[in-house]
Amino acid sequence: MTERLPHEKGFHISWDQIHRDSRALAWRLDGHGPDDGAWRAIVAITRGGMAPAMIIARELDVRTVDTISVKSYNHQEQTNAVVLKAPDVDMMGDGTGILVIDDLVDSGKTLQLVRDLYPNAHFATVYAKPKGRPMVDTFITEVSQDTWIFFPWDMALQYVEPYRGTD
Ligand SMILES: O=P(O)(O)OC[C@H]1O[C@H](OP(=O)(O)OP(=O)(O)O)[C@H](O)[C@@H]1O
Ligand code: HPA
Ligand SMILES: [Mg+2]
């Protein structure tokens, strides 16, 4: 079900846009790791964080990439956030030098859960809504709380009627 709720505005992101915005995020993070500016590893919050994490890992030449699997939504309905799969324990430590990437922060519940586990990690998202902003250290674009972000992996090109209709 991808119907929008009546109060929601739609912000439709193309593959090109997420690529550009993820690159912009990478460049902003470059040189800000604790180890001579370098990051030890990147952890993507699945599933939405995996596409930006791959782009960022490529830009920053980080080869160690792991995932944390958090589920907090059924379509657009928010449920309790739960960890379904954790990253490598030895690699993570308390999170120092680890860059945790997600596609967006909305209520902040997902990042709160991951932050509690790894308080010293750096948290970055491509997009942020006001409620979740305090949970994220670095992001690129803010949208209003009543905007629903549609990602390219959830969309397809389709025919639209001309503005003036057809005969
Ligand atoms: O700030 P919050 O209110 O917690 O919402 C943000 C999270 O919600 C979405 O993930 P979702 O749980 O829908 O899973 P997915 O990434 O697998 O689509 C999104 O990718 C973020 O991870
Ligand atoms: O605005 C959103 N778009 C897609 N997934 C989401 N998960 C929480 N908020 C959003
Ligand atoms: Mg997600």
Side-chain angles (χ1 to χ4, degrees), residues 1-26 28-29 39 41-60 62 64-88 91-92 95 98-158 160:
M1 235 201 309
T2 52
E3 288 288 304
R4 276 192 279 136
L5 300 173
H7 67 285
E8 283 168 344
K9 295 173 222 154
F11 184 47
H12 296 80
I13 310 281
S14 66
W15 281 110
D16 185 55
Q17 190 68 46
I18 189 95
H19 194 178
R20 284 166 190 268
D21 290 341
S22 299
R23 273 193 168 147
L25 182 57
R28 194 164 289 179
L29 294 163
W39 298 99
I42 286 178
V43 171
I45 302 180
T46 69
R47 295 160 301 179
M50 290 200 289
M54 174 266 154
I55 294 162
I56 292 163
R58 188 262 180 188
E59 291 302 310
L60 300 185
V62 176
T64 306
V65 180
D66 204 340
T67 56
I68 180 166
S69 179
V70 179
K71 187 169 190 287
S72 58
Y73 282 81
N74 264 329
H75 300 292
Q76 294 185 11
E77 189 189 326
Q78 193 172 27
T79 56
N80 276 339
V82 285
V83 175
L84 302 176
K85 179 256 167 203
D88 185 79
M91 182 198 77
M92 288 306 287
I98 305 284
L99 200 47
V100 178
I101 304 289
D102 208 350
D103 50 359
L104 79 128
V105 61
D106 187 325
S107 69
K109 266 174 101 171
T110 303
L111 286 193
Q112 177 73 71
L113 184 89
V114 184
R115 248 184 202 284
D116 289 347
L117 295 171
Y118 312 109
N120 290 337
H122 187 98
F123 292 83
T125 64
V126 187
Y127 306 105
K129 298 189 192 181
K131 224 170 138 187
R133 249 186 88 159
M135 283 298 125
V136 68
D137 300 308
T138 310
F139 67 93
I140 293 298
T141 300
E142 180 166 352
V143 301
S144 66
Q145 198 65 43
D146 63 351
T147 296
W148 189 263
I149 300 173
F150 289 93
F151 288 105
W153 45 87
D154 288 330
M155 296 188 292
L157 287 178
Q158 67 173 55
V160 286

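Residues: numbered from 1 along the sequence shown. For ligands, and for the atoms within them, numbers begin at 1 and follow the listed sequence.
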- prompt: Does the distance from a Lys or Arg side-chain N to an Asp or Glu carboxylate O, for R28 and D137, drop under 4.0 Å?
  reply: no
- request: Output yes when the distance from some N or O of ligand 1 to some N or O of G108 is under 3.5 Å, and no in every other case.
  value: yes
query: Hey, looking at atom 21 (C) of ligand 1, which of L113, V105, T110, D102 has the closest heavy atom?
result: D102
- prompt: Taking non-hydrogen atoms only, is L104 closer than 4.0 angstrom to ligand 2 via side chain, backbone, both or neither?
  reply: side chain
message: As a check for students: among M135, K131, R47, identify the option with a heavy atom nearest to atom 15 (P) of ligand 1.
response: R47
- prompt: Which ligand 1 atoms are under 4.0 Å away from a heavy-atom of D103?
  reply: 19 (C), 20 (O), 21 (C)
query: Under the ring-ring contact (aromatic ring centres under 6.0 Å, His included) test, which residues partner Y118, sequence neighbours left out?
result: none
field: Cationic N near anionic O, under 4.0 Å, K85 to D66
entry: yes
message: Below the 3.5 angstrom mark, is there an N/O of G48, backbone or side chain, next to an N/O of ligand 1?
response: yes
query: Under 3.5 Å, is there a donor-acceptor pair between the S144 and D146 side chains?
result: yes
Contacting atoms of ligand 1, where contact means under 4.0 angstrom from a heavy atom of L104: 6 (C), 19 (C), 21 (C)
- prompt: For atom 5 (N) of ligand 2, which of F11, Y127, W148 has the closest heavy atom?
  reply: W148
Residue selection (non-hydrogen contact nearest atom 3 (N) of ligand 2) among D106, D154, I149: I149
query: Would you call the rings of F150 and W148 parallel, tilted or perpendicular, where under 30° means parallel and over 60° means perpendicular?
result: perpendicular
message: Any salt bridge linking E142 with K129? Criterion: basic side-chain nitrogen under 4.0 Å from a carboxylate oxygen.
response: no
message: Under a 3.5 Å cutoff, is there a donor and acceptor pairing between the side chains of T46 and T67?
response: no
